[in-house]
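One structure is given below, encoded as structure tokens.
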Amino acid sequence: MDSNVEGIEQSVSTGTLPGWEQVDARVIASLERNRACTDGAVADYIPVLAQADPELFGVCVVEVDGGLHVAGDSEVEFSIQSISKAFVYALVCEEYGHAAVADMVGVNNTGLAFNSVIAIELNEGHPMNPMVNAGALATTALMPGAAPDEQWAAIQAGLSAFAGRDLVLDEEVYQSEAATNTRNRAIARLLESYGRINRDPLEVVDLYTKQCSLLVSARDLAIMGATLADGGVNPVTGERVVSADVCRDTLAILAANGLYERSGEWLFEIGLPGKSGVSGGLLTISPGKAGIGTFSPRLDPAGNSVRGQQATAYLSRVLGLNIFASQAVASSQNRGS
Ligand code: GLU
């Protein structure tokens, strides 16, 4: 698409959250009002994920000034899984820029499952977007570094900068997924056959499996999200991680593709960019305001945390976060009469 916006001066629309105490109370309420829900099922296609305690439930909101609100199991660690895709995309976008990554990896939703092979075939080998496995593998392959070790160091350091602490790999999750990820290996080979991966495809799958095995908590996700909400500056550490333009691009990709094939429903109900992962994490970004991280392992059939979506839907409404919501300008002065 030629959007014809080169060189145009940009302005940013933000707004503010309600006061600190109100946000705090509502974060706790988001957990309490959804705690009893037992809908959904814990993922088991990666064997170790089936061991997750389905009762765990944590919610965290981090404001762009670094203010932190927590409820429940917000410090419990779990593997980041697909949510890593958002941040690896941001790091790659920082390196190559808006147009190049859009061209190489794509931005459009497939409407199909995250690990769909037919989506690749239907699109003549194009990986479509960085939030499905095909696009994530193509994106991970683009990480700078002469060898996989260097690429891994850059991924680990980059995601750690988003979180504001050193994130470590869960060896058990990594081994469990590495032993069973035949489908991802097939996807990488298929991409190679279409000339969409120019590194060793199995090394790319290994790197991707490692990035998915990094341990985070709901609190980490909220800080990582707050960094994307804050024009790329981590509000807790003050470090600039990526540019504001990269944040804007990342959030657009998340809005279109972040909740698997239910991204449209998510946008309709919550009205914010988000990204879920099969271990039960959910990241949501309210641009210019806050990052929201939730953790609850029971998933809907597409792979999205059920209680995480409920808690975030509540917060979106009570904190006035939906980016599509507006109110009529009441004053007649403002209408020029
Ligand atoms: N590592 C998982 C996979 O590739 C991530 C899936 C997800 O969280 O969507 O199958």
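Whatever order the structure lists them in is the order used to number ligands and atoms, beginning at 1. On a predicted model such as this, the values are computed, not experimentally measured, just so you know.
Listed by number with element, the atoms of ligand 1 under 4.0 angstrom from any heavy atom of S82 are 5 (C), 6 (C), 7 (C), 8 (O), 9 (O). Close contacts between ligand 1 and N133 involve ligand atoms 3 (C), 4 (O), 10 (O) [criterion: under 4.0 Å to a heavy atom]. The contact set between ligand 1 and Y45, taken as ligand atoms under 4.0 Å from a residue heavy atom, comprises 2 (C), 3 (C), 5 (C), 6 (C), 10 (O). Within ligand 1, the atoms closer than 4.0 Å to a non-hydrogen atom of G277 are 8 (O), numbered from 1 in the order shown. Listed by atom number, the atoms of ligand 1 under 4.0 Å from C212 heavy atoms are 1 (N). Taking a cut-off of under 4.0 Å to the non-hydrogen atoms of Y260, the atoms of ligand 1 that pass are 7 (C), 8 (O), 9 (O).
Nearest to atom 8 (O) of ligand 1 by heavy-atom distance, out of N184, N304, V278, is V278.
With Y260 as the aromatic partner, K275 meets the cation-pi criteria of under 6.0 angstrom to the ring centre and within 45 degrees of the ring axis.
Residue Y208 has at least one nitrogen or oxygen atom sitting less than 3.5 Å from a nitrogen or oxygen atom of ligand 1, judged on distance alone.
In terms of the side chain to side chain contact (heavy atoms under 4.5 Å, CB included) criterion, residue partners of S316 (sequence neighbours excluded) are, by chain and number, I270, L272, L321, N322.
The ring pair (Phe, Tyr, Trp, His ring centres under 6.0 Å) analysis of residues 136-170, with sequence neighbours excluded, yields the pairs F87-F162.
Using a cutoff of 4.0 Å between basic side-chain nitrogens and carboxylate oxygens, E55 and R298 are scored as salt-bridged. Salt bridge status for R165 with E77: present, with a side-chain N to carboxylate O gap under 4.0 Å.
Contacts between E177 and ligand 1, counted as non-hydrogen atom pairs separated by less than 4.0 Å, involve the side chain only.
Within a 6.0 Å sphere centred on CZ of F268, other residues, nucleotides and ligands contribute 12 heavy atoms or fewer.
Looking only at protein heavy atoms, the nearest one to atom 5 (C) of ligand 1 is Q81 OE1, 3.3 Å.
Only one option out of V23, T284, V61 pairs with L315 in a side-chain contact (heavy atoms from CB on, under 4.5 Å); it is V61.
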